[in-house]
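What follows is a short report on a single structure.
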4 protein chains.
Amino acid sequence: MHPRRPFVKTRRLDSFILCSVTPNKTPGTPRRNDRSRRAILDAARELVAEKGYAKLTIEAIAARAGVGKQTIYRWWPSKGAVLLDSVLALSQNGEGEGAEQAITLPDTGDVEADLKALMRATAAEFSDPSFEAPIRALNSEIANDPDLAAVYAEQVAAPVEEAKRERLRSARRAGQIAADTDLDLFLDMLYSPLYQRWLLRSGELTPQYTDRLVEAVLRAFPPAK
Amino acid sequence: MHPRRPFVKTRRLDSFILCSVTPNKTPGTPRRNDRSRRAILDAARELVAEKGYAKLTIEAIAARAGVGKQTIYRWWPSKGAVLLDSVLALSQNGEGEGAEQAITLPDTGDVEADLKALMRATAAEFSDPSFEAPIRALNSEIANDPDLAAVYAEQVAAPVEEAKRERLRSARRAGQIAADTDLDLFLDMLYSPLYQRWLLRSGELTPQYTDRLVEAVLRAFPPAK
Amino acid sequence: MHPRRPFVKTRRLDSFILCSVTPNKTPGTPRRNDRSRRAILDAARELVAEKGYAKLTIEAIAARAGVGKQTIYRWWPSKGAVLLDSVLALSQNGEGEGAEQAITLPDTGDVEADLKALMRATAAEFSDPSFEAPIRALNSEIANDPDLAAVYAEQVAAPVEEAKRERLRSARRAGQIAADTDLDLFLDMLYSPLYQRWLLRSGELTPQYTDRLVEAVLRAFPPAK
Amino acid sequence: MHPRRPFVKTRRLDSFILCSVTPNKTPGTPRRNDRSRRAILDAARELVAEKGYAKLTIEAIAARAGVGKQTIYRWWPSKGAVLLDSVLALSQNGEGEGAEQAITLPDTGDVEADLKALMRATAAEFSDPSFEAPIRALNSEIANDPDLAAVYAEQVAAPVEEAKRERLRSARRAGQIAADTDLDLFLDMLYSPLYQRWLLRSGELTPQYTDRLVEAVLRAFPPAK
DNA sequence: GCGTAAGCGAGACGGTACGTCACGTCTTAAC
DNA sequence: GTTAAGACGTGACGTACCGTCTCGCTTACGC
């Protein structure tokens, strides 16, 4: 989307949905107005929340941000890209200016407890109305735009996935899950049902549900006795 | 969407994606031109496949179907509804004219073998390019339009879900899975990972993947020894 | 610009600038909203007079006319074409619905008196502020758009020119100007100086000026003694 | 437009369209890049000839001239002013650097012959395609922008008009035209028809036409016998 | 001979208007 | 008597330029 200078520092994550990376004013070329950039991302998020993604228009974003349309088209290739960035920006507001972060998940030594906490937090995040609309929208875009999907996968999903895998490796080392556990399959089974329920509104995301899900997944990858 | 008279007959399903129901010329009421209806649904499907859902327009459907726009607006409330119907129509072409069907899944007595076959078939169906575009599109609509989601859930998902549950009940009776298995959780864990991978393009849908998925899910619900 | 059905009737002209022809609802094809058409032409004329041609925009015309932009683009190929039509419509408002007219000029038998009156009237017309702006604008368009120039020449200029020539033929028959007078040259010498002064604002259009102009031109084509 | 120091020298004109004056680097004040100035004027002329005046943009001029937009806005108040200067520059390329010239017209003693030659040359100049587009454009601007019209009148038209009048005074002294000839009216009648034909494309500019025009105008102002 | 202020290229910015597309409603000619 | 055809008001699209505004840079004075 635009040049990024990866300056990594560590950050602890408490849920799973996403987290990422602000662009970084590459000191060389593009003299970009950061006030406008922020205003655009804020406006996009607000408008999605207010009107829904279907009624989100570039013109409305520009108007609310007090910005020319061209300033949006100059820096983002599509409405979906703006939305992606606006969600990214949201996920790290207040963070150290322009720094990438490595992500780690809590590790108390008890994988079941940790995963249950994580899943409950994730479910809560899904229910937060200020996340609901933009992420649902972003999801639609990603499902239909392979380019955006690739950016999302690289910028957003990959680091989070790696953090999840790292936590499971720790559990595997501790003998809490099978030594030959396929971490990706484990994560799919853990995470997809939650995501799917939310996306298709096919059921409530209760703590009971997530707890039982964690238990079932752990049963599927039992350590050798 | 429009009045339906459920006239049920039985049909065997070999995969999971969907299956349903054409509206039924309720003999009394609306003098509806079935030639037009078919032309519209065909045109919608073709156009989604050709251009993608984002570029699907009512005007293009009407033009290709050789139909006035009004004829579409008269019978469907939204683009998503046309698409839903067009996918439904596709899923049962060649079937007995205008009849609803009860659905059953294969039951050889070996639940693992049956589920592996089912999941492989489902994965194959996801890869069929003539299903790919419209279903992906339909999915976006459903994720963002709760009304459509409700119709989908009732008309499409419910009967399939019931068939899946029925097959699992049979397995439970046969002692192949735990007596206290939560069937919905079982199905979520089985089905969501596949669906999710496809939707977000986050991985290949290989037979190896589906087989290992089935095995893992079965391990999570072991019958009492 | 659009189909016209020429249904001619006679009309007396008292000045030279222009006069022409409304389009005629060709009964066949285009079901055109005449209320919109009129509103557009009126709005165009008003806006040119208010803001000047340089600041005349299609959007402003559409807005003032209470009409969609597309309705303008549907029927006129360019801003200049709208303007031409709007001036044409103006030149014959109140005239018999949709009828073309043949034009005749006053003929008292005294060519000098008639031409002086005609030139004074024309000069007065040029000074009318409600003609000033649109005609000046139209002129620029014509000077730079050969297509529009052709329409103008055919629809507007030709009938007026013919009427002028006819008046001069009458004078020639009456022995008031030379028998071998080149009518086109005569008219160029009579009319261009007036037009030029107005267009380039290079001098006042006083009755003295037009009178002396008429006298000089008549001196250039004296009848044989 | 910008400061000029009039340093006059004499120049013989052979036609009527225009002639004038380059600005002059007033040695004290503005450190102006003459290479840029020339590049801008050249670019403007080329682009008008290539694309037409309607599609001439400041951005395109700047781009072709390899110049920042601000450099244009710094020195010219409007597109029309650039165009005027570019035409002026054209009319005296090769002339002595930065010098104004007094203009004289050929005077062989035979006013009819001289005027015929002059009008033929002028007509030829109008037909030169490299003059056609920019002058036509300039004309539109002048017709719609009184400020520009004033600059044009003062810088371009006035000296030429004076030269024309001077030639006619000579003819009047020589008794070739009437002693009480209104020189401005004479020039209007001589010049406007030619200009008008060209501007509105209402007829060819042949030598026959200009010759007959000269003859007719001379007939209108006969010397006393 | 060395800052220093100007002119300069580049181009981002807030805007306005463009000409096009599709929407959903409506009217009409013709089958 | 329904339907295809398509005009209509509406509103968003993505693009082109506008005229203003920084940016670094170079360039030529004036101290």
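Below, all heavy atoms of this structure are taken into account, side chains as well, without hydrogens, waters or symmetry copies. Chain letters run A, B, ... following the sequence lines, proteins first and then strands; every chain starts at 1.
Under a cut-off of 6.0 angstrom, the local environment of CZ in A/R35 is sparse, with at most 12 non-hydrogen atoms contributed by other residues, nucleotides or ligands.
Checking the phosphate oxygens (OP1, OP2) of E/dC8, a side-chain nitrogen or oxygen of D/W75 falls inside 4.0 Å. Contact between the side-chain N/O atoms of C/R74 and the OP1/OP2 oxygens of F/dC8 is found at a separation under 4.0 Å. Within the structure, every side-chain polar atom (N or O) of A/S78 is placed at least 4.0 Å from both OP1 and OP2 of F/dG14. For D/S36, a side-chain nitrogen or oxygen approaches OP1 or OP2 of E/dG9 to under 4.0 Å.
Distance, D/L47 CG to F/dC17 P: 11 Å, rounded to whole Å. Counting to the nearest Å, the P atom of E/dG7 and the CZ atom of D/R35 are 18 Å from each other. Here F/dG19 presents its P atom at 9 Å from NZ of D/K79, a figure rounded to the nearest Å. Atom CG of A/D34 is separated from atom C1' of E/dA12 by 14 Å (rounded to the nearest Å). Distance, A/W76 CH2 to E/dA12 P: 14 Å, rounded to whole Å. Remark: P of F/dT27 and CG of D/N33 are 10 Å apart, rounded to the nearest angstrom.
A salt bridge does not link B/R38 to B/D42: none of the charged nitrogens lies less than 4.0 Å from a carboxylate oxygen.
In this structure, B/D34 contributes its side chain and B/R37 its backbone to no donor-acceptor pair below 3.5 Å. C/R64 places no side-chain N or O within 3.5 Å of a backbone atom of C/A43 that could act as its donor or acceptor partner. Within the 3.5 Å criterion, the main-chain N or O of B/E141 finds no donor-acceptor partner in the side chain of B/D145.
Of the residues in residues 54-73 of chain D, those lying under 4.0 Å from DNA chain E by heavy-atom distance are D/G66, D/V67, D/G68, D/K69, D/T71.
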List the atom pairs, donor and acceptor, that lie under 3.5 Å between side-chain atoms in residues 55-62 of chain A and the rest of the protein, sequence neighbours left out.
residue : atom : partner : partner atom : Å
A/T57   : OG1  : A/A60   : N            : 3.0
A/E59   : OE2  : A/K69   : NZ           : 2.7

